[in-house]
There are 2 protein chains.
Amino acid sequence: MARVTTPRSTVSAGQPTLDEVARVAGVSRATASRAINGGQRVSARAQSAVDTAVRTLGYVPNPAARSLVTRRTDSIAVVVPEPDDRVFSDPFFAGTLRGVTRVLGERDIQLVLLLARPGASTARTLRYLTNRHVDGALVVSHHRDDRLAEHLADIGLPCVFGGRPWTGGDRVAYVDVDNVAGEREATEALIARGCTRIGTIAGPADMTASEDRIAGWRQAMSTAGLAADAVEHGDFTEASGEAAARALMERHPDIDGLVVASDLMAAGALKVLAELGRRVPDDIAVVGFDDLGVAERTSPALTTVRQPVDEMAERATRLLLERVDEPGSSRPMRVIIPPTLVRRASA
Amino acid sequence: MARVTTPRSTVSAGQPTLDEVARVAGVSRATASRAINGGQRVSARAQSAVDTAVRTLGYVPNPAARSLVTRRTDSIAVVVPEPDDRVFSDPFFAGTLRGVTRVLGERDIQLVLLLARPGASTARTLRYLTNRHVDGALVVSHHRDDRLAEHLADIGLPCVFGGRPWTGGDRVAYVDVDNVAGEREATEALIARGCTRIGTIAGPADMTASEDRIAGWRQAMSTAGLAADAVEHGDFTEASGEAAARALMERHPDIDGLVVASDLMAAGALKVLAELGRRVPDDIAVVGFDDLGVAERTSPALTTVRQPVDEMAERATRLLLERVDEPGSSRPMRVIIPPTLVRRASA
DNA sequence: CCCAAATGTGGGAGCGCTTCCACAATTGCC
DNA sequence: GGCAATTGTGGAAGCGCTCCCACATTTGGG
């Protein structure tokens with residue numbers, strides 16, 4: 001028996017579809033589509049008819065239908081494998097997001113922020129990316145264990161890392177500041193002003209930035225023939241900086257210089273030093289890392305290694321968009337930005 | 001002439017499709033689909049055949065195709081019409097996001113963060129929402145001019161506001177703290193400890209929370225027969241709190257109590273008071289608003305009005321999900337949470 | 001003035017999925 | 001043991017869109 005189906009397109013129930021626009025404009029669906037998307041090969045007549053129809057009908061294209069055929073979602077993900085607290089307290093992320101949105105604003109691409117607190121939700125994040133909900137991913141602040149670089153390389157999603165990934169660095173693109181050079185320079189500045197016992201408060205051991213910054217400190221120390229034994233790790237938060245400084249000063253009371261892997265931690269350290277009655281920079285000189293605002297507001301103001309986070313995020317985003325636009329040229333690529341030492345009062 | 005089309009599904013080029021899964025599992029596409037989505041009306045045999053096929057093929061459903069027919073995207077937007085700087089510096093947003101992600105984690109729904117710096121990008125945000133890229137929207141911290149509540153009500157997107165919207169409050173649901181009662185209580189606390197000249201640092205004039213908090217302060221003042229004339233506006237940032245405090249102390253040097261509409265601004269005010277040599281709480285008692293961490297860390301620690309931001313965000317999110325699940329019951333609804341005064345050292 | 005190139009248009013075939021429906025194969029109940 | 005209810009299955013119809021291709025219709029050289 002022939003089944004009778006009521007065509008729903010006859011009466012516009014919900015959102016108007018392209019079909020209706022075409023009908024109202026008196027053109028074919030193909031022409032309407034062309035007119036709506038850039039208007040190549042469309043006569044002025046047809047174009048304006050479609051424009052009018054779109055306006056009167058209040059037509060908005062259905063993104064699902066569109067992306068089903070174009071295979072593009074016009075959105076990219078920013079993946080941040082950090083607990084939300086850190087994301088929303090470290091100016092590093094604000095700067096990054098600012099850079100990203102600036103570039104995205106130029107084109108019509110949406111940003112999807114994927115906050116994946118380490119562990120549990122990484123799988124979900126990965127699934128989301130594997131499903132190709134987005135055209136590409138920008139991974140910021142990743143940790144050793146998430147193995148994000150390999151996973152993303154495996155699923156073939158265009159991606160760019162902010163900061164060198166642990167492994168798979170040869171399979172994905174990344175933008176990084178020259179952490180080694182930066183921290184070396186910072187350490188050298190302390191050495192130049194006469195410090196001989198220089199400790200460091202490093203970042204979390206499972207991030208490459210930490211590793212590289214320690215390496216920079218080590219290099220400078222060994223070149224100067226100084227012992228590089230006073231190391232304490234924090235997690236880039238102010239509180240961890242306080243704790244690390246306390247531990248460091250207890251174990252090495254003779255320290256006269258402190259190289260800290262982030263301004264936030266340095267701010268925490270300054271507090272502790274003030275508590276302990278150590279004058280900065282006279283008793284202990286301190287250098288931070290980042291220069292994203294907090295360095296100017298500590299007392300004393302922090303001498304620090306500036307990394308141009310906004311700019312780096314911009315570069316990374318542009319790089320990502322290139323790869324999204326041209327999936328062929330997926331040769332891995334790295335951009336290394338030189339940091340600059342900004343001298344203030346603390347060293 | 002008959003055109004010959006090469007069926008692409010013959011050879012699996014890119015991602016495997018449901019068709020291939022079905023073929024490999026030896027079932028129809030319909031059965032495969034059922035097996036993948038919950039497995040209602042699927043025999044154990046078929047189920048496991050499909051499961052295996054999915055695994056060996058590495059199948060992931062195409063979300064665009066799925067949402068084209070289900071008309072669901074399984075993602076919701078959190079709309080924050082604020083400059084990124086504020087979003088990433090005010091713990092209010094961190095708390096909100098934490099509450100939202102907690103609820104979303106229970107189900108398989110993704111969060112899309114829409115940062116719409118006021119003005120320019122509101123149109124874009126609105127377009128994104130109109131396109132139904134998401135199933136619903138949670139609007140946080142909205143301002144008078146964006147008219148988001150009306151627009152969202154117009155396009156019929158399920159939405160919930162965090163904080164009472166300016167207009168259209170009768171058309172959308174919202175979750176809010178009882179700002180009036182909170183600030184009234186704060187002011188009464190100052191009055192109770194003997195303050196007679198109580199000024200206030202309010203939030204931005206284009207937000208309902210500011211308006212309501214001022215109203216609370218006014219109520220308490222007028223009940224006590226005190227003049228409510230010392231008002232200064234900030235924008236909830238620490239810097240603006242400093243400026244406001246400076247202005248207030250200049251215009252009303254005799255102030256002995258300060259009701260501040262956010263802890264961040266109160267922290268700024270405390271700095272200024274310290275600079276001016278005013279002792280807190282002896283010369284001037286200060287009460288903040290929020291209690292999201294910073295209040296404990298100021299010196300002296302801040303007496304403040306606690307709003308349970310996490311919990312509010314949770315409520316709002318659940319409310320939103322209900323409306324997404326059941327678009328019928330779109331009756332507006334409001335949830336008002338009572339705040340509590342937390343007494344510390346500053347008042 | 002003729003033929004080739006450029007331009008505009010519509011038909012129609014999908015994109016990959018869910019879901020309605022018809023139909024078979026079980027099962028259960030009196 | 002017969003019939004209704006339940007359960008499992010596949011065919012097929014779309015969801016709303018883009019884009020290939022065929023087919024006019026203009027345009028422009030030589």
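Naming convention: chains lettered A, B, ... in sequence-line order (proteins, then strands); numbering from 1 in each chain. Note that the structure is predicted; figures quoted are calculated from it, not measured.
A:S28 has no side-chain polar atom (N or O) that falls below the 4.0 Å cut-off from OP1 or OP2 of C:dT9. OP1 or OP2 of C:dT18 has at least one side-chain nitrogen or oxygen of B:S33 nearer than 4.0 Å. Residue B:S43 has a polar side-chain atom (N or O) positioned under 4.0 Å from OP1 or OP2 of D:dT9.
Between the CD atom of A:E20 and the P atom of D:dG16 there is a distance of 9 Å, rounded to whole Å. The distance from atom CZ of A:R23 to atom P of C:dG10 is 14 Å, rounded to the nearest whole Å. One interatomic measurement links the two molecules: CD of A:Q47 to P of C:dG8, which rounds to 11 Å at whole-angstrom precision. As a whole-Å value, the separation of A:R132 CZ from C:dC17 P is 14 Å. Rounded to an integer number of Å, the gap from CG of A:D19 to P of C:dG12 is 14 Å. Look at CG on B:N37: it is 9 Å from C1' on C:dC17, rounded to the nearest Å. If you measure from atom CD of A:Q15 to atom C1' of D:dC17, you get 14 Å, rounded to the nearest angstrom. When the P atom of C:dG16 is taken as reference, atom CG of B:L57 falls 14 Å away, rounded to whole Å.
Here the nucleotide nearest the side chain of A:V69, chosen from C:dT18, D:dG8, C:dG14, is C:dG14. Residue B:R41 places its side chain closer to D:dT9 than to any other of D:dT9, D:dG10, D:dG16. Comparing C:dG16, C:dG11, C:dT18 by their nearest atom to the side chain of B:T70 picks out C:dT18. Looking at the side chain of A:R29, the nearest of the listed nucleotides D:dT18, D:dT9, C:dT18 is D:dT18. Residue B:L68 places its side chain closer to D:dC15 than to any other of D:dC17, D:dC15, C:dT9. Of the candidates C:dT18, D:dT18, D:dT9, D:dT18 carries the atom nearest the A:R66 side chain, counting heavy atoms from C-beta on. Each of D:dT9, D:dG16, C:dG16 was ranked by its minimum atom distance to the side chain of A:N62; first place goes to D:dG16.
A salt bridge links B:R318 to B:E106: one of the charged nitrogens lies within less than 4.0 Å of a carboxylate oxygen. Using a 4.0 Å cut-off between charged nitrogen and carboxylate oxygen, B:E150 and B:R147 count as a salt-bridge pair. Electrostatic pairing of B:R72 and B:D325 counts as a salt bridge here, judged by a charged N lying under 4.0 Å from a carboxylate O.
Taking the side chain as every heavy atom from C-beta outward, B:V139 and B:V78 never approach each other to under 4.5 Å.
When each of B:M333, B:R164, B:H142 is tested with B:Y174 by the rule side chain to side chain contact (heavy atoms under 4.5 Å, CB included), just one qualifies, namely B:R164.
Two residues, A:A30 and B:A30, neighbour DNA chain D, and the one matched to the more 5' nucleotide by heavy-atom proximity is B:A30. Each of B:T31 and B:A64 has a nearest nucleotide on DNA chain C; the 5'-most of these lies closest to B:A64.
Residue contacts shown for B:R71 are limited to sugar-phosphate atoms, with no base heavy atom under 4.0 Å away.
Between the side chain of B:R45 and the base of D:dG8 there is no donor-acceptor pair of N/O atoms closer than 3.5 Å.
One side chain, B:R66 or B:N37, offers a donor N or O that lies under 3.5 Å from an acceptor on the other.
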